[in-house]
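Here the structure is laid out as structure tokens; the discussion comes afterwards.
All of these numbers come straight from a predicted model, not from anything done at the bench.
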Amino acid sequence: MAEEVPVTNVEEWKPRTKIGQLVKEGKITSMKELFEKNLPIVEPEIVDVLLPNLKYEVIDIRVVQKQTDAGELSRYKVLVVMGNFDGYVSIGLGKAKQLRVAIQKAVRDAKMNIIPVRRGCGSWECTCGEPHSLPFTVSGRAGSVEVVLKPAPKGTGLVVGSVLKTLLSYAGLKDVWSFSNGETRTKENFIKAGYNALYNTYRFVTPADWARKR
């Protein structure tokens with residue numbers, strides 16, 4: 001179930017970097033502007049200011065153990081998906097002794113990993129021109145898992161695994177075909193491969209981008 005991302009109080013925020021200072025002073029007003037200038041997200045508060053309506057969902061909770069001199073140290077490992085259902089998505093991992101703290105760390109990590117997703121209508125069977133799918137085929141890999149995402153015509157739905165369906169929904173995609181290969185039962189690698197595929201939608205510049213830059 002989607003939950004609201006906790007937002008820090010902007011008035012109390014003291015930026016520690018130049019980019020954070022520019023955001024707080026209002027010289028950078030949108031996430032799109034931040035990515036167009038190729039500036040990194042160096043503080044989670046930047047996302048709180050530029051994308052205030054984010055939601056997140058816990059995808060996986062596991063107990064991991066570390067062997068120490070004092071014995072086994074158990075901690076929770078949490079995987080979350082975050083997005084605004086309109087072109088921005090992220091994943092985050094967090095580990096802690098307490099589950100609540102692990103979720104907080106995962107949400108903070110997800111804010112630092114947020115990416116834009118290029119949407120469009122790349123299916124030859126559908127020429128509506130609306131951003132309901134992907135503009136072209138993309139692929140991503142993590143561990144042994146490879147995921148290929150393909151544009152689909154309107155009304156197809158998300159033909160992907162349940163974990164990836166959550167990720168694509170948070171990105172604002174409605175119609176996608178997919179092909180996956182490898183050990184997809186490992187949720188972490190499966191969703192990372194899907195995230196890398198979405199990241200690749202902005203790996204190259206299209207002729208439409210050339211026109212915009214002029």
Side-chain angles (χ1 to χ4, degrees), residues 1-5 30-36 41 47 50-60 79-93 106-107 109-142 145-182 184 186-209 212:
M1 182 179 293
E3 297 186 34
E4 293 281 347
V5 173
S30 69
M31 191 61 77
K32 184 180 179 183
E33 185 182 353
L34 190 78
F35 283 110
E36 283 182 348
I41 299 172
V47 178
L50 300 180
L51 281 178
N53 299 319
L54 288 172
K55 294 185 182 298
Y56 77 95
E57 184 172 336
V58 177
I59 298 298
D60 191 29
L79 173 65
V80 302
V81 168
M82 180 187 293
N84 67 345
F85 299 92
D86 192 23
Y88 288 95
V89 74
S90 177
I91 59 174
L93 279 170
V107 169
D109 185 50
K111 287 180 182 178
M112 304 293 282
N113 295 328
I114 202 152
I115 56 169
V117 177
R118 192 196 297 268
R119 296 177 295 167
C121 179
S123 172
W124 62 271
E125 299 170 275
C126 177
T127 56
C128 66
E130 297 175 12
H132 63 93
S133 185
L134 295 166
F136 39 75
T137 301
V138 289
S139 64
R141 177 179 282 276
V145 182
E146 182 186 17
V147 169
V148 179
L149 302 176
K150 298 181 179 181
K154 207 169 187 177
T156 304
L158 298 174
V159 189
V160 297
S162 59
V163 177
L164 271 190
K165 190 174 289 187
T166 306
L167 180 72
L168 299 184
S169 298
Y170 274 73
L173 297 169
K174 298 175 182 174
D175 306 291
V176 174
W177 276 321
S178 73
F179 169 77
S180 57
N181 190 24
T184 56
T186 308
K187 287 184 180 179
E188 186 177 332
N189 284 344
F190 192 25
I191 205 160
K192 277 184 178 177
Y195 173 83
N196 290 335
L198 294 178
Y199 180 81
N200 287 337
T201 59
Y202 270 102
R203 283 294 295 273
F204 62 90
V205 180
T206 65
D209 298 317
R212 191 169 66 238

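A donor-acceptor pair is defined here as one N or O able to donate and one able to accept, closer than 3.5 Å; no such pair exists between the side chain of Asn84 and the backbone of Asn53. Under a 3.5 Å cut-off, the side chain of Asn113 and the backbone N or O of Ile91 do form a donor-acceptor pair. The backbone N or O of Thr156 sits less than 3.5 Å from a side-chain atom of Asp175, completing a donor-acceptor pair. When atom types are taken as modelled, the side chain of Ser123 and the backbone of Pro151 share no donor-acceptor pair closer than 3.5 angstrom. Checking side-chain atoms of Ser133 against main-chain N and O of Ala152 turns up a donor-acceptor pair under 3.5 Å. When atom types are taken as modelled, the side chain of Ser178 and the backbone of Val159 share a donor-acceptor pair closer than 3.5 angstrom.
A distance of 9.5 Å separates NZ in Lys174 from NE2 in His132, rounded to the nearest 0.5 Å. To the nearest 0.5 Å, atom CG of residue Leu167 and atom OG of residue Ser162 are 12.0 Å apart. Note: Leu149 CG to Leu173 CG = 8.5 Å, rounded to the nearest 0.5 Å. From Asn200, atom CG reaches atom CG of Leu134 across 11.0 Å, with rounding to the nearest 0.5 Å. Atom-to-atom distance recorded for Tyr202:OH and Ile115:CD1 is 10.5 Å, nearest 0.5 angstrom. Taking CD from Glu146 and OG1 from Thr184, the interatomic distance works out to 12.5 Å, rounded to the nearest 0.5 Å.
A salt bridge links Lys55 to Glu4: at least one charged side-chain nitrogen sits closer than 4.0 Å to a carboxylate oxygen. Salt-bridge annotation for Asp86 and Arg119: present, with a side-chain N of the basic residue lying under 4.0 Å from a carboxylate O of the acidic one.
Heavy-atom neighbours of Phe35 CZ from other residues, nucleotides or ligands within 6.0 Å: above the threshold of 12.
Nearest heavy atoms, Lys187 versus Ile59: NZ-O, 3.8 Å. Shown here for Thr201 and Phe136, the closest heavy-atom pair between the two residues is O-CZ, 3.5 Å. Residues Val147 and Ala197 share a closest heavy-atom pair of O-CB, 4.3 Å. For the pair Ala142 and Asn189, the tightest heavy-atom approach, listed with the atom from each and the gap, is CB-O, 3.5 Å. Ser90 and Tyr195 make their closest contact through CA-CE1, 3.9 Å (heavy atoms, listed as atom of the first residue, atom of the second, distance). When all heavy atoms of Gly83 and Tyr170 are compared, the closest pair comes out as N-CD2, 3.5 Å.
Put simply, the side chain of Thr186 does not reach to within 4.5 Å of the side chain of Lys192, judged on heavy atoms. You'll find the side chain of Val47 reaches within 4.5 Å of the side chain of Met31, heavy atoms only. Using a 4.5 Å cut-off on side-chain heavy atoms (C-beta onward), Val138 and Leu198 make no contact.
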